[in-house]
Structures are given as structure tokens and as C-alpha cells.
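Note that these values count all heavy atoms, side chains included, but never hydrogens, waters or copies made by symmetry.
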Amino acid sequence: MAKIKRQIKNTTPVIINGEEMFLKYNVFAIKKMNELGVDLTKFDENNPMTIDDIATILYCGLATYDPSLTLDEVCMLIDISDMEYLANKIMEAMNNATPVKN
């Protein structure tokens, strides 16, 4: 039986190096962040994200949609001038992952 590619719902589109990709922060992405040593709870005004943190968090969100990506590939695609845009897209995707309370 052929393996069917699953559709990932509630993704956030992001343009990287002219290519549309999709971010999704779910259990898979959080697991990847833990494996790579990223602790989202440590970031605040006194401890901002570094470029490495943003690249790793971005990679983890992209890998949910495309597990064939590597961290090095993601790093090669992003320009320093894209960091603010990407940080905003990460926040948008994480906010999309947060359930709305009624």
C-alpha cells in the first residue's frame, strides 16, 4: 500500500528565498526544538532570541510540513535582512497554534 502524504492543517505561509513554505508548530515541532536545545520559556526582554534561535525555531516549524528539510538548508535559504519578517511569521504561526478560549 502506497503511503499517503498527510495534509497539515492550520499552517502559516511564509516566503523564504522567493519560495512559499509553510510553518506549523505542533507536538512534532516542539519535540524537534527540545532535541535541538531550544527552550521557548527562556526568551523575554532580558533574554532575546539570537539569530541561531530564530533559525532553529523556523526550521522546526518548517520541518512539520516538510520533514526532508535540514537545519543547514533552512539557514542557507534565509538572509539576515529577512530576520524581522521571519520572527513575525514565527509568532504568527505560534499564535495560530494556540487554542482560542471561549
Side-chain angles (χ1 to χ4, degrees):
M1 179 161 72
K3 186 170 182 162
I4 298 170
K5 181 166 169 83
R6 291 183 177 88
Q7 295 292 81
I8 309 292
K9 64 181 182 175
N10 300 327
T11 59
T12 300
V14 59
I15 306 297
I16 301 174
N17 198 32
E19 181 181 347
E20 185 177 43
M21 297 179 161
F22 299 93
L23 288 169
K24 173 74 175 184
Y25 292 97
N26 57 9
V27 174
F28 178 83
I30 300 300
K31 182 177 178 280
K32 290 290 258 187
M33 282 187 256
N34 287 337
E35 289 171 1
L36 296 171
V38 174
D39 177 7
L40 293 175
T41 64
K42 77 176 185 177
F43 302 118
D44 60 25
E45 294 171 0
N46 298 321
N47 191 19
M49 289 183 187
T50 66
I51 289 175
D52 284 341
D53 295 325
I54 293 171
T56 302
I57 294 166
L58 180 68
Y59 159 69
C60 292
L62 292 171
T64 298
Y65 189 80
D66 183 358
S68 69
L69 282 173
T70 68
L71 178 56
D72 285 341
E73 287 173 329
V74 171
C75 289
M76 285 186 266
L77 291 173
I78 56 179
D79 293 327
I80 296 297
S81 62
D82 296 332
M83 295 310 280
E84 183 177 354
Y85 164 76
L86 294 173
N88 289 332
K89 289 306 244 180
I90 289 168
M91 293 308 299
E92 180 184 335
M94 287 191 178
N95 288 334
N96 287 340
T98 305
V100 178
K101 295 180 182 177
N102 294 330

Original post:
Among all residues two or more places apart in sequence or in another chain, which pass the side chain to side chain contact (heavy atoms under 4.5 Å, CB included) test with Leu71?
Top reply: Thr56, Tyr59, Cys75

Original post:
Would a 4.5 Å heavy-atom cut-off, applied to side chains only, mark Ile57 and Val38 as touching?
Top reply: yes

**OP:** Can you tell me which residue pairs pass the salt bridge (charged side-chain N to carboxylate O under 4.0 Å, His left out) test with a partner in residues 38-50, sequence neighbours excluded?
**Re:** none

**OP:** Report yes or no: does Asp53 contribute a side-chain atom to a donor-acceptor pair with the main-chain N or O of Thr50 at less than 3.5 Å?
**Re:** yes

Original post:
How would you list, by chain and number, every residue that makes a side chain to side chain donor-acceptor pair (under 3.5 Å) with Ser81, sequence neighbours excluded?
Top reply: none

Subject >> Listed partners of Phe22 passing ring-ring contact (aromatic ring centres under 6.0 Å, His included), at least two apart >> reply: Tyr65

Original post:
Is there a path of hydrophobic side-chain contacts, each under 4.5 Å between heavy atoms of I, L, V, M, F, W or Y residues, that connects Ile80 with Val74?
Top reply: yes

**OP:** Output yes when a side-chain donor or acceptor of Tyr25 lies under 3.5 Å from a complementary backbone atom of Asn95, and no otherwise.
**Re:** no

Original post:
Would you say the side chain of Leu36 lies within less than 4.5 Å of the side chain of Cys60, judging by non-hydrogen atoms?
Top reply: yes

Subject >> Straight-line distance of Asn47 CG to Thr41 OG1, nearest 0.5 Å >> reply: 10.0 Å

Original post:
Tell me the salt bridge (charged side-chain N to carboxylate O under 4.0 Å, His left out) pairs involving residues 71-89, sequence neighbours left out?
Top reply: Lys89-Glu92

**OP:** Starting from the C-alpha separation in whole Å, work towards a yes-or-no answer on side-chain contact (heavy atoms from CB on, under 4.5 Å) for Asn10 and Asn96.
**Re:** CA-CA 7 Å; Asn10 300 327; Asn96 287 340; 5.6 Å; no

Original post:
Heavy-atom distance under 4.5 Å between the side chains of Met21 and Asp66, does that happen here?
Top reply: no

Original post:
Lys32: what forms a salt bridge (Lys or Arg N to Asp or Glu O under 4.0 Å) with it, not counting sequence neighbours?
Top reply: none

Subject >> Any Leu40 side-chain heavy atom under 4.5 Å of Ile30 side chain >> reply: yes

Original post:
Are any non-hydrogen side-chain atoms of Lys24 and Thr12 less than 4.5 angstrom apart?
Top reply: no

Original post:
Taking a hydrophobic cluster as the set of Ile, Leu, Val, Met, Phe, Trp and Tyr residues connected by side-chain heavy atoms closer than 4.5 Å, whether directly or through intermediates, do Met94 and Met49 fall within one such cluster?
Top reply: yes

**OP:** Just jot down the salt bridge (Lys or Arg N to Asp or Glu O under 4.0 Å) partners of Glu19, sequence neighbours excluded, or say none.
**Re:** none

Original post:
Backbone N or O of Val14 within a donor-acceptor pair of the Tyr85 side chain at under 3.5 Å?
Top reply: no

Original post:
Listed by chain and number, what are the side chain to side chain contact (heavy atoms under 4.5 Å, CB included) partners of Ile78, not counting sequence neighbours?
Top reply: Ile16, Ala55, Leu58, Met83, Leu86

